[in-house]
Amino acid sequence: GPMQGKPIIEVCGSGPDLVLVHGWGMHRGVWGRAAEELARDYRLHLVDLPGHGSARDEILDDDLGALASGIIQQVPEAAWLGWSMGGLITLQAILDHGERISSAVLVSSNPSFVVRQHWPDGVEESLFTDFAKQLKLDFEGTLNRFLVLETLGSDTARESLRELREDLHSGPMPDVHALRAGLSILRNTDYSHRLGEIEHEMLWIAGGRDRLVPPGAIARSAERVRRGQYLRLRGAGHAPFIGHRQSFVQAIR
């Protein structure tokens, strides 16, 4: 594909280094108040992936290796925090550049988002192909449907949706080609067989009511990582750092 564009990374706060990698369709603004709180204890490296936020004009190719190394080149040795698709990028970074990463937290992230024979906990592949089709017809509407899906089920769904929408609109809208590449990453990636290679300390956080990533997938992932820990935030949907911010921030600390 085209040359992978570069992410743009904003640094704020002070303390140990922590790299935050957002999910599909969003930008670094998605961390919102959780980032404000974490910045009191950590020096945050808030990533805008190529095609998103302030890096909107950069090309996003569906190449996880290039995405991970694009971030690695710009950050010091650090702990990483990846949400949803950002969790896949974090896994790739651990597998490729493990010596540069001290530990990691994955939030609402499935090593295989799609159900496969060997990986029963996921969504049907058609979810992502349908989103890709709808993007062509109705860009805003499709993004909005994804936000609804991310907050669905949460016991704070209405407030979470409002906050997620505000966070999205706090930066430029993502590039449609980047969204398409992101959907293909979510559809095609399967790291389930590589989790046993990971030596890092890892915390896997699940939203108990997540409609995109079944908590069972996250529990199973944590089990396969030798130093994996599992935390289920009971009433949370796919974006627990918004709807259940206190418990989330506490878990990171």
Side-chain angles (χ1 to χ4, degrees), residues 1-32 34-36 38-39 42-109 111 113 135 143 146 150 164 167-189 191 200 239 241 252:
M3 276 294 289
Q4 182 71 55
K6 288 198 178 344
I8 289 179
I9 299 173
E10 182 199 17
V11 181
C12 65
S14 58
D17 290 291
L18 178 62
V19 176
L20 279 68
V21 191
H22 65 77
W24 186 83
M26 298 303 292
H27 50 73
R28 65 177 190 246
V30 74
W31 302 103
E36 287 169 28
L38 288 168
Y42 302 97
R43 183 161 70 139
L44 303 183
H45 301 261
L46 296 154
V47 176
D48 271 341
L49 293 171
H52 300 74
S54 56
R56 190 186 185 285
D57 297 333
E58 297 286 328
I59 301 285
L60 178 80
D61 198 13
D62 59 358
D63 176 351
L64 277 171
L67 274 171
S69 64
I71 299 170
I72 282 284
Q73 285 160 20
Q74 295 189 55
V75 297
E77 188 182 321
W80 281 43
L81 167 57
W83 170 53
S84 196
M85 184 179 88
L88 296 178
I89 298 169
T90 301
L91 280 175
Q92 177 84 46
I94 289 172
L95 292 165
D96 289 353
H97 311 276
E99 71 291 343
R100 300 286 313 279
I101 297 175
S102 54
S103 61
V105 181
L106 259 57
V107 189
S108 313
S109 196
F113 276 78
L135 266 181
L143 254 183
F146 203 79
E150 291 182 327
L164 201 53
D167 290 341
L168 175 63
H169 290 284
S170 71
M173 284 291 112
D175 171 64
V176 67
H177 302 288
L179 291 181
R180 218 167 283 147
L183 287 171
S184 102
I185 286 172
L186 291 170
R187 193 171 73 234
N188 299 323
T189 305
Y191 285 129
H200 293 66
F241 48 88
I252 306 297

Trainee: What's the separation between atom CG in Asp62 and atom CD in Gln4, rounded to the nearest 0.5 Å?
Mentor: 9.0 Å
Trainee: Report the relative orientation of the aromatic rings in Phe241 and Trp31; use parallel for angles under 30°, tilted for 30 to 60°, perpendicular for over 60°.
Mentor: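 Geometry flag for Trp31 against Phe241: tilted rings.
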Trainee: For the CG atom of Leu183 and the CZ atom of Phe146, what is their distance to the nearest 0.5 Å?
Mentor: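 Reported to 0.5 Å precision, the distance equals 7.0 Å.
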Trainee: Just by distance, do the side chain of His200 and the backbone of Gly98 share a donor-acceptor pair under 3.5 Å?
Mentor: yes
Trainee: Taking Val75's backbone N and O only, do any of them form a donor-acceptor pair with Arg100's side chain (distance below 3.5 Å, no angle check)?
Mentor: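 At least one qualifying donor-acceptor pair exists.
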Trainee: With heavy-atom distances below 4.5 Å as the criterion, would you say the side chains of His97 and Ser69 are in contact?
Mentor: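 Yes, close enough: below the 4.5 Å cut-off.
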Trainee: Just jot down the side-chain hydrogen bond (donor to acceptor under 3.5 Å, both in side chains) partners of Ser84, sequence neighbours excluded, or say none.
Mentor: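 Residues passing side-chain hydrogen bond (donor to acceptor under 3.5 Å, both in side chains) with Ser84: His238.
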Trainee: Kindly compute the distance separating CG (Leu91) from CH2 (Trp80), expressed to the nearest 0.5 Å.
Mentor: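 Leu91 CG to Trp80 CH2: 11.0 Å, rounded to 0.5 Å.
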Trainee: Using atom types as modelled and distance alone, determine if a side-chain donor or acceptor of Arg43 lies under 3.5 Å from a backbone N or O of Val11.
Mentor: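 No; zero donor-acceptor contacts below 3.5 Å.
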Trainee: Tell me the closest heavy-atom pair linking Pro174 and Leu168, and the distance in Å.
Mentor: CD-CD1, 4.3 Å
Trainee: Would you name the heavy atoms of Ser54 and Asp48 that are closest together and state the gap between them?
Mentor: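 Heavy-atom minimum between the residues: OG-OD2, 2.7 Å.
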Trainee: Could you tell me the separation between the CG atom of Leu106 and the CG atom of Leu88, rounded to the nearest 0.5 Å?
Mentor: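 The CG atom of Leu106 sits 8.0 Å away from the CG atom of Leu88.
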Trainee: When you measure from the side chain of Glu10 to the backbone of Leu46, do you find a donor-acceptor pair of N or O atoms at a distance under 3.5 Å?
Mentor: no
Trainee: Answer yes or no: is there a side-chain heavy-atom contact under 4.5 Å between His27 and Ser170?
Mentor: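 Contact flag for His27/Ser170 side chains = yes.
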Trainee: Do the non-hydrogen side-chain atoms of Leu67 and Asp63 ever get within less than 4.5 Å of each other?
Mentor: no
Trainee: Roughly how far, to the nearest 0.5 Å, is OG1 of Thr90 from CD1 of Ile71?
Mentor: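 Answer for the CD1-OG1 pair, Ile71 versus Thr90, is 7.0 Å.
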Trainee: Starting at CG of Leu135, measure out to NE2 of His177 and round the result to the nearest 0.5 Å.
Mentor: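 Answer for the CG-NE2 pair, Leu135 versus His177, is 11.0 Å.
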Trainee: For residues Val30 and Leu164, determine if any side-chain heavy atom of one lies less than 4.5 Å from a side-chain heavy atom of the other.
Mentor: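 Counting from C-beta outward, Val30 and Leu164 do come under 4.5 Å.
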